**Q** 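Let me begin by handing over the structure; questions about it come next.
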Amino acid sequence: MCGIVGYTGPKQASRILVEGLKRLEYRGYDSAGIAVREDDEAGGSQKPIVLIKKQGKIAELRKAVPKDMAGHAGIGHTRWATHGAVNDINAHPHLDASGKVAIVHNGIIENYMSLKEMLEKKGVVFISETDSEVIAHLVAYLYRGDLEAAVKAALGQLKGTYGIAVMHADEPGRIVGARNGSPLVVGIGDGEMLLASDVTAMLAHTKRVVYLNDGEVVSITPADFRISDLSDQAIDPKIDLVTWELGAIEKEGFSCYMEKEIFEQPESIERALSGRMDMEYGTVKFGGLNLSKKELLAIQRVRVIAAGTSWHAGLVGCHLFESIARLPAVSELASELRYRNPVVEPETLYFAVSQSGETADTLYAMREIQRRGGSVLGICNVVGSTIARESDGGVYVHSGPEIAVASTKAFTSQLAAFYLVTLAMARMHDMSHHEGVRFLENLKAVPELVRKTLGLRDHIQKIAKKYAHAKDFLFLGRGILYPIAMEGALKLKEISYIHAEGYAAGEIKHGPIALISPDTPSIFLVPNDHLREKTITSMKEIKARGGPVVAIAEEGDELVASIADDYIPVPKCDARFQPFTMVIPVQLFAYFCALELGRDVDQPRNLAKSVTVE
Ligand code: F6R
């Protein structure tokens, strides 16, 4: 969703801002803009803060920004519309009436109507339909020569969520940022400082960062930064070092980020497993669970809270917890759980799963559980993200930055984390040492299995070309592969805009089979365990009604090959690990269908990478 970047230092601010916004493109946006404080010596200009905003892609903004634009401090923003239409006026930054205060804002100001009325009575004229504009006017109204003090006074009157960056023309080189419910990171450079909603926007300049907490305000100048709370108590900063390399946020020869991220999975899964497998004892080692063995042993049930693809990973995780660790487990949609007045029982372990660690639904559900005394472990990718920091412990999945909106490598790393946690729990209950070692050997083989499965690329592309113009698809699976069927359907609809449903194969006769016709292909995920024959029966039912069938099944499955119209043979492995080999073909299938249809694979319409509003 919306992104923020701010820069103050010796370099040309406009260039750094536009480049930073480009890095934030993946989050999803509909317009973008920058505000730069021109240098005094540049002279000439009527307004010391120059504002450039454009509806549409960053490329439009880039065209509008003069190459020689002067100024060494500025703020920029990518907007994902909530209040008001998508147009240049509603795009951020917003200025106050005098043109001296510029602000960018992520989040939602809930009481903006009453503040707007108050300011209008004092003669302030609003020009946009946004809730954010009120911040610019309020800061200007409260300004008495000290920007940081004015921002704090304004924040005292705001209700809602925000990550903001603010400049005042009379304080060249200073940017004030603040956070409440919407991430903001300070980047500490050499003689320069940055602010951003996401470290990817500053990675080209510095890896030394401070993640702000809710209720904190930062004031940056090229040489210095100071963090304090709203009552002006100074806060000691905790400086973190970002481990991501710049290359990780480049396409590195791939045509788009999604393709790159799909093909990175052998390495990203390896990273999720690395250093955590204890082959000697057939168990796992975790650094950050923050639970003693006794506490883990006392766990009687597991609940997972998540959204979208992360929820699908949770569904696989719950299958593992129940079948392998013998713990009852349920994966819940965070947006549902939160408003259901949930019962939080003792001896229950909660997991909040989130690639970004910023998803509002998951975050608020986690807080609700914690408020009721529940312990929540995070399974997150983004280090320093809100869920990672507010959870009671957890596991980082180390996928590296995931830039494409459609999640792929984070999903398989989340799966890897669930396999590890399941093993830890199973070994505390009734899994033997010998079985634990075998389980780990299987897990260790996963990156290579995934590498082999990726070799099916050309075959899958041909099949995708054949079916890409269908209007509806069914993805069907059973048992541990049912969530993978749901994930396949989600991937396809997200990036190709083709309607698809993920269904339990055993359920189709209870309704969805009515959809079957020669125009509705079904993608079957055929397991190699006791559910194989039952899945084949469902395939035959579809074939008997004229429905085309694409079957993803273990290599050498002659029976499946003889029934299906198209067969995708995945490498053989233990049935418990088939989610890894089955998800690769559905990711590739969605990707190639989107390519065939000429879609914007990395930034599909209407979607945002990090959904920070409810
Ligand atoms: C699907 C996708 C979304 C996210 C969901 C949760 O490809 O990316 O469904 O999985 O918005 O996001 P995180 O994992 O960041 O909480």
Side-chain angles (χ1 to χ4, degrees), residues 1 3 26-28 80 182-183 197-198 200 256-259 261-262 265 268 272 304-317 331-338 351-367 376 378-391 394-415 417-418 475 483-484 486-497 500 502 583 586-591 593-594 599-614:
M1 295 200 147
Y26 77 99
R27 295 168 62 99
W80 193 85
S182 201
S197 48
D198 179 329
T200 52
C256 63
Y257 284 109
M258 184 178 179
E259 186 192 19
E261 288 160 10
I262 289 175
Q265 291 177 99
S268 53
V304 175
I305 45 180
T309 288
S310 297
W311 176 61
H312 295 155
L315 289 170
V316 174
S331 185
E332 303 233 34
L333 288 169
S335 53
E336 285 293 318
L337 175 125
R338 183 184 171 207
F351 288 93
V353 188
S354 175
Q355 185 284 127
S356 62
E358 301 295 346
T359 300
D361 289 325
T362 310
L363 175 63
Y364 294 143
M366 175 176 96
R367 287 180 179 159
V376 186
I379 295 187
C380 293
N381 184 35
V382 178
V383 174
S385 58
T386 310
I387 293 175
R389 286 184 303 145
E390 290 192 16
S391 55
V395 182
Y396 279 120
V397 300
H398 301 307
S399 330
E402 192 178 66
I403 308 288
V405 163
S407 184
T408 53
K409 63 173 180 171
F411 176 73
T412 43
S413 297
Q414 289 165 347
L415 291 189
F418 273 120
F475 282 74
I484 305 299
M486 295 164 81
E487 176 60 7
L490 179 63
K491 286 288 92 86
L492 188 67
K493 42 186 156 197
E494 273 182 297
I495 59 166
S496 71
Y497 318 146
V583 77
V586 298
Q587 292 172 347
L588 285 171
F589 183 78
Y591 167 63
C593 284
R599 308 295 192 221
D600 184 344
V601 173
D602 283 341
Q603 289 160 39
R605 69 184 181 204
N606 306 337
L607 293 178
K609 181 68 184 162
S610 174
V611 187
T612 50
V613 295
E614 270 198 87

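One-based numbering along the sequence shown. Computed from a predicted structure; not experimentally measured. Numbering of ligands and ligand atoms starts at 1, following listing order. Quick note: numbers below take in every heavy atom, side chains included, and nothing from hydrogens, waters or symmetry partners.
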**Q** Once side chain to side chain donor-acceptor pair (under 3.5 Å) is applied, do any residues pair with Lys491, and if so which ones, sequence neighbours excluded?
**A**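 Partners of Lys491 by the side chain to side chain donor-acceptor pair (under 3.5 Å) criterion, ordered by chain and then number, come out as Thr309, Glu487.
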**Q** My understanding is that only residues two or more places apart in sequence, or in another chain, count here; which of them pass side chain to side chain donor-acceptor pair (under 3.5 Å) with Glu261?
**A**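 Side chain to side chain donor-acceptor pair (under 3.5 Å) list for Glu261, sorted by chain: empty.
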**Q** Would you check ligand 1 and list the protein residues that come within less than 4.0 Å of it by any heavy atom, ordered by chain and number?
**A**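 Those residues closer than 4.0 Å to ligand 1 by some heavy atom are Ala307, Gly308, Thr309, Ser310, Ser354, Gln355, Ser356, Thr359, Val405, Ala406, Ser407, Leu490, Lys491, Glu494.
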**Q** Quick one: side chain to side chain donor-acceptor pair (under 3.5 Å) partners of Asn381, sequence neighbours excluded?
**A**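 With neighbours one apart ignored, the set is Gln355, Ser399.
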**Q** Under the criterion side chain to side chain contact (heavy atoms under 4.5 Å, CB included), which of Asp361, Leu363, Ile387, Val382 is the partner of Ser354?
**A**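 Of the listed residues Asp361, Leu363, Ile387, Val382, the side chain to side chain contact (heavy atoms under 4.5 Å, CB included) partner of Ser354 is Ile387.
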**Q** Taking Asp602 for the side chain and Tyr257 for the main chain, is one N or O donor matched with an acceptor at less than 3.5 Å?
**A**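 Yes: the side chain of Asp602 pairs with the backbone of Tyr257.
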**Q** Check Lys409 with Glu402, please: is the shortest side-chain N to carboxylate O separation under 4.0 Å?
**A**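 Lys409 and Glu402: not salt-bridged.
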